[in-house]
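Since the structure is predicted, the reported quantities are computational estimates derived from the model, not experimental observations. Values reported hereafter were calculated over all heavy atoms of this structure, with side chains retained and with hydrogens, waters and symmetry mates removed. In what follows, chains are A, B, ... by sequence order, proteins preceding strands, each numbered from 1.
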Number of protein chains: 2
Amino acid sequence: MAHSHDVPADLTRNQGLVMGALNHSVGPLSAYDILDKLRADGLRAPLQVYRALDKLVERGLAHRLESLNAFVACADEHCHRKGLIAFAICEGCGKVDEFADAVIEERLGDWAQAKGFKVERTTMEIRGKCEVCVAQAA
Amino acid sequence: MAHSHDVPADLTRNQGLVMGALNHSVGPLSAYDILDKLRADGLRAPLQVYRALDKLVERGLAHRLESLNAFVACADEHCHRKGLIAFAICEGCGKVDEFADAVIEERLGDWAQAKGFKVERTTMEIRGKCEVCVAQAA
DNA sequence: TTCAATACGTTATAGCATAACATCGCCGCA
DNA sequence: TGCGGCGATGTTATGCTATAACGTATTGAA
Ligand SMILES: [Zn+2]
Ligand SMILES: [Zn+2]
Ligand SMILES: [Zn+2]
Ligand SMILES: [Zn+2]
């Protein structure tokens with residue numbers, strides 16, 4: 001879960017706190033999870049967290065996992081250069097693996113072009129068990 | 001929005017009502033949307049809708065769109081034979097196009113095998129504008 | 001008939017997200 | 001220096017999404 005500690009310095013206080021919470025978590029956190037972790041730092045209302053998350057997601061420092069209603073720190077410094085990002089979410093340990101695949105993206109582009117569909121955003125989330133958890137279950 | 005009217009006959013009353021609501025909608029419906037449409041038929045509580053939806057999704061007659069917290073009728077009679085299904089959701093008119101792509105699925109399988117990840121379920125949702133809505137915007 | 005499985009109905013509650021409004025601090029500019 | 005815009009913040013209230021917990025009813029075998 002390589003989390004990048006070289007966080008941009010121009011984050012606001014709340015943004016920094018939220019980013020820190022995400023960076024120090026092994027798995028995704030809901031906005032309310034984050035809020036609970038940050039009450040000691042003075043945060044009190046969900047909106048404070050949501051507003052920070054909006055900015056972080058906008059800047060590509062964090063991602064929203066639609067299928068979990070939760071958020072993770074971006075694990076790939078350069079993911080904003082890539083188009084489609086996929087997430088593999090382990091139901092066992094909660095870890096999230098982030099990856100990009102040019103072939104899938106191209107294939108999707110082909111489909112869109114054929115249909116005249118203008119893609120604005122794609123979410124791809126794979127649920128299952130990671131290697132470690134598969135081994136443990138056996 | 002080809003909705004299949006040859007719905008299985010063994011649905012329960014509530015399941016049938018919910019399926020009907022989905023079939024007659026041009027776009028996705030939230031559970032609460034469905035509830036409102038079915039109050040006249042006697043449904044009163046969210047749980048009645050959610051329980052029906054669970055069964056319908058389980059049988060592949062409906063799909064849940066994670067990025068919308070909403071549900072659509074399955075548009076492809078044979079989609080349960082296919083693996084990965086993708087949804088293209090138009091932000092303009094709300095229509096949803098359901099399709100399967102073997103290449104994407106294979107590519108995903110390759111990634112999973114390389115990583116030792118055991119895939120259980122995949123959601124792929126593309127947000128954007130359909131051909132009609134793109135034309136209108138121009 | 002008896003039992004188990006499934007569906008149903010109802011109330012209450014938990015979890016996720018945003019509206020609306022006031023305030024504050026920063027920075028560019030008259 | 002003082003004004004004014006803008007973005008971030010703080011706070012309260014509210015709305016939307018989903019499930020827990022309980023009891024009843026129906027069905028369909030053994
Ligand atoms: Zn990323
Ligand atoms: Zn795992
Ligand atoms: Zn389908
Ligand atoms: Zn459209």
Side-chain angles (χ1 to χ4, degrees), chain A residues 7-22 25 27-59 61-72 89 91 94 96 121 123 125 127, chain B residues 7-22 25 27-59 61-72 89 91 94 96 121 123 125 127:
Chain A
V7 161
D10 63 338
L11 294 180
T12 67
R13 170 177 159 82
N14 288 0
Q15 289 164 19
L17 287 169
V18 170
M19 194 70 236
L22 290 176
S25 168
L29 295 175
S30 78
Y32 282 75
D33 290 339
I34 296 171
L35 177 57
D36 287 339
K37 284 181 183 294
L38 296 179
R39 284 193 196 281
D41 296 286
L43 266 64
R44 297 161 173 276
L47 214 49
Q48 296 176 289
V49 175
Y50 279 108
R51 290 202 271 229
L53 284 169
D54 282 347
K55 294 298 177 189
L56 295 174
V57 169
E58 197 177 301
R59 294 182 53 167
L61 298 171
H63 300 291
R64 174 184 172 82
L65 300 176
E66 303 284 357
S67 67
L68 293 179
N69 292 327
F71 301 82
V72 281
I89 303 164
E91 318 254 48
V96 176
R121 187 159 45 92
T123 77
E125 299 176 14
R127 311 290 291 268
Chain B
V7 160
D10 64 337
L11 295 180
T12 68
R13 167 174 162 82
N14 287 0
Q15 288 164 21
L17 287 170
V18 169
M19 194 69 235
L22 289 176
S25 167
L29 295 175
S30 78
Y32 282 75
D33 291 339
I34 295 171
L35 178 57
D36 286 339
K37 285 179 182 294
L38 295 179
R39 284 193 196 280
D41 297 284
L43 266 64
R44 296 161 173 278
L47 212 49
Q48 295 176 288
V49 175
Y50 279 109
R51 289 201 273 229
L53 283 169
D54 282 348
K55 293 299 176 189
L56 296 174
V57 169
E58 197 177 302
R59 294 181 53 168
L61 298 171
H63 301 291
R64 175 184 170 80
L65 300 176
E66 304 284 358
S67 66
L68 293 179
N69 293 328
F71 301 82
V72 281
I89 304 164
E91 317 255 47
V96 176
R121 188 160 43 92
T123 78
E125 301 177 13
R127 310 290 292 270

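- Side-chain atoms of B:Asp33 come within 3.5 Å of backbone N or O of B:Ser30 as a donor-acceptor pair.
- Taking every side-chain heavy atom of A:Phe71 into account, C:dA17 is the closest of C:dA17, C:dC8, D:dT17.
- Proximity of B:Asn69 to the phosphate of C:dC16: no side-chain N or O atom is located under 4.0 Å from OP1 or OP2.
- Side-chain atoms of A:Arg51 stay outside donor-acceptor range of the base of D:dG7, with no qualifying N/O pair under 3.5 Å.
- Spacing between atom CG of A:Leu11 and atom C1' of D:dG7 amounts to 15 Å, rounded to whole angstrom units.
- As a whole-Å value, the separation of A:Glu66 CD from D:dA18 C1' is 17 Å.
- Comparing D:dA8, C:dC16, D:dA18 by their closest approach to the side chain of A:Gln15 singles out D:dA8.
- The side chain of A:Asn14 has D:dG10 as its nearest neighbour among D:dG10, D:dT19, D:dT11.
- Along DNA chain C, the nucleotide closest to B:Lys55 and the one closest to A:Tyr32 are compared, and the more 5′ of them pairs with B:Lys55.
- To the nearest angstrom, C1' of D:dG7 lies 14 Å from CG of A:Asp54.
- Between A:Asp10 atom CG and C:dC27 atom P there is a gap of 13 Å when expressed in whole angstrom units.
- Protein atom CG of A:Leu35 is 13 Å distant from nucleotide atom P of C:dG15, rounded to whole Å.
- Here the C1' atom of nucleotide D:dT9 and the CG atom of A:Leu47 are 10 Å apart, to the nearest Å.
- Distances shown here put every side-chain N or O of B:Ser30 at or beyond 4.0 Å from the OP1 or OP2 atom of D:dC16.
- Residue whose closest nucleotide on DNA chain D sits further toward the 5' end, between B:Asp33 and A:Arg13: A:Arg13.
- Residue B:Gln48 has its side chain nearest to C:dG9 when only C:dG9, C:dC16, D:dT19 are considered.
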Notebook entry, point to check: Is there a side chain to side chain contact (heavy atoms under 4.5 Å, CB included) between B:Val18 and B:Leu56 once you walk through the steps?
Noted result: CA-CA 9 Å; B:Val18 169; B:Leu56 296 174; 3.7 Å; yes
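- Between C:dT11, C:dT18, D:dT9, one nucleotide has an atom nearer to the side chain of A:Pro46 than all others, and that is C:dT18.
- Looking at B:Thr123 and A:Glu125, their side chains never bring a donor and an acceptor atom within 3.5 Å of each other.
- Between A:Leu68 atom CG and D:dA18 atom P there is a gap of 13 Å when expressed in whole angstrom units.
- If you take CG of B:Leu53 and P of D:dA18, they are 9 Å apart, rounded to a whole angstrom.
- The nucleotide whose nearest atom lies closest to any side-chain atom of A:Tyr50 is, among D:dA18, C:dT18, C:dG9, C:dT18.
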Notebook entry, point to check: Can you list the steps and then say if B:Leu53 with B:Phe71 is a side chain to side chain contact (heavy atoms under 4.5 Å, CB included)?
Noted result: CA-CA 8 Å; B:Leu53 283 169; B:Phe71 301 82; 3.6 Å; yes
